[in-house]
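Only a predicted model underlies this, so the values are computations on that prediction, with no experimental measurement involved.
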Amino acid sequence: MAQPWSVRLRLTNSSVGSATGNLSLDRGRLRRLFALFTVPPLACACMVGAQATPLDVWLQAARVNATSSTSMELFGDVMNESVDVFDVRESELSSSRPTTGDYRGWHLFVHKPLTPQWSVDASFWGRQASIRSDQARFNSGHIAAQYQWLQQVGWVPYSALRLSYWGSRSSGLQRSMPIAINGTRLESLNVVAPRDRQLQVDLIASWREASVGIHVFSGLGRSHVRIGVIGGTMTIDDCLYRFSIAGGRTNGQLARPCGDLVEAEFNLPASTFGGLGPDLLSGYDANFYQAGTSVDWQRGDWSLKCGYLIRWFRRSQLDDSLSRANLPSVNSVRLIAAELSHKLTPQISAVLRAEITSSQLMLDVPSIYNGLTAPRLGKRYGFVSVGLGYVFQ
């Protein structure tokens, strides 16, 4: 027999006065509640489009036409039905339309050579994504220093070491569209202060001959992810409840009197829902490893770049808990990118860039991945960027 669980209630009726009792829920009911809590955070999570973490796919030890001048790039980024003519965005479940959302944003990238060997670069990204009437905003950025410790001699490549610090954060994600899940109606959702920060080191090698450059890189990093409170309102048995998930526990209270029920609350450990550990819903630390390559060609004022990146993640505590609960996890992400640029003047270039990634969230916003959203992440996504590059004389 399934072991019962208790929820504290207080009932009021004009003929019987006040009473306090217990409501028993079997494990099947609790698993249905777990389905409720796995989907809502994702409903906000899937509102965020992915970019390459700060353009790692284009890492190189020797920049083409390297100068001692500072360079800057300003891009606008977009993904919607008009742009997605090849159905790059992947649909979820049985939906015939993409459920990963539309995206628009911008980013600024600055590169500054300090000496022939040392250089620094930084970027800032503003993002806004939407699914129907709901929107999500994230800000992120990076700063990096690179040291070229070897010049190309024959088949010995240019070689460089790069250290970067990057992260993203949002004040909160909201979903206002009601959704029915296993007979329970979610009325609203709020994810408070998702944020992450990463420290990363990469080793880069470049071969350059005339108008062609070949670049390979590999790196590793440490990620620190924290998520505030996940909360909102939901309807269970025609009664409206406020709920919150924090510190590995799920708390709920009756939002307003419902029939004879005037007070109800529950406080359940996260382990109730699929065996997840107590700290996995609020944040975690992780290691990641990456490798990639790119090729660039130049002909006159035109240049073309193509690149590939793969990143592996190791979140031992989180992913082990997901495995014990027989839930899937996302352990690697792949990215393919292409860029076409044309020099308009000696200082100004026009750039068109496109990227496709195997997961719409993982490369750029690690904080979107947690014990609740992991089983439903991993959807293909893409975007297009248009911008200008400028070299200061």
Query raised in the report: Is the count of non-hydrogen atoms from other residues, nucleotides or ligands lying under 6.0 Å from Ile336 atom CD1 greater than 12?
Result: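 Not buried by this count: 12 neighbours or fewer within 6.0 Å.
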Query raised in the report: If you count the non-hydrogen atoms of other residues, nucleotides and ligands that lie under 6.0 Å from CD1 in Ile143, is the total more than 12?
Result: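 It does not: Ile143 CD1 has 12 such atoms or fewer within range.
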Query raised in the report: Does anything in residues 139-150 pair up under salt bridge (Lys or Arg N to Asp or Glu O under 4.0 Å), and if so which pairs, sequence neighbours excluded?
Result: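 Residue pairs passing salt bridge (Lys or Arg N to Asp or Glu O under 4.0 Å), neighbours aside: none found.
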Compute whether any side-chain donor of one residue and acceptor of the other, for [X] and [Y], lie under 3.5 angstrom apart.
{"X": "Tyr390", "Y": "Gln347", "answer": "yes"}
{"X": "Gln290", "Y": "Asp56", "answer": "yes"}
{"X": "Arg169", "Y": "Asn139", "answer": "no"}
{"X": "Asp296", "Y": "Gln298", "answer": "no"}
{"X": "Asp77", "Y": "His107", "answer": "yes"}
{"X": "Ser349", "Y": "Ser341", "answer": "no"}
{"X": "Ser206", "Y": "Gln60", "answer": "no"}
{"X": "Asp202", "Y": "Gln200", "answer": "yes"}

Requested in this report: Would you please indicate if the ring centroids of Trp125 and Phe138 are separated by under 6.0 Å?
Outcome: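 Centroid distance Trp125-Phe138: not below 6.0 Å, so no.
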Query raised in the report: Would you call the rings of Trp106 and Phe124 parallel, tilted or perpendicular, where under 30° means parallel and over 60° means perpendicular?
Result: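 Because their plane-to-plane angle lies in the 30° to 60° range, the rings of Trp106 and Phe124 count as tilted.
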Report task. Salt-bridge test for Arg315 and Asp285: reply yes if a basic N is under 4.0 Å from a carboxylate O, no otherwise. Result ->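 So Arg315 does not pair with Asp285 through a salt bridge.
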Report task. Go through the steps for Trp312 and Arg314 under the test side-chain contact (heavy atoms from CB on, under 4.5 Å), then give the verdict. Result -> CA-CA 7 Å; Trp312 300 271; Arg314 179 56 179 165; over 6 Å; no
Requested in this report: Check whether any side-chain N or O of Thr235 sits under 3.5 Å from a backbone N or O of Asp238 as a donor-acceptor pair, and report yes or no.
Outcome: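 No; judged by distance alone, with no hydrogens or angles, the pair does not exist.
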**Report entry** Residues which pass side-chain hydrogen bond (donor to acceptor under 3.5 Å, both in side chains) with Tyr308, listed by chain and number, not counting sequence neighbours
**Finding:**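 side-chain hydrogen bond (donor to acceptor under 3.5 Å, both in side chains) list for Tyr308, sorted by chain: empty.
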Query - Lys112 vs Asp121 side-chain heavy atoms within contact, under 4.5 Å - result: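 They are not in side-chain contact.
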Requested in this report: State which residues pass side-chain contact (heavy atoms from CB on, under 4.5 Å) with Ser294; sequence neighbours excluded, sorted by chain then number.
Outcome: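 For Ser294, the residues satisfying side-chain contact (heavy atoms from CB on, under 4.5 Å) (neighbours in sequence not counted) are Trp58, His215.
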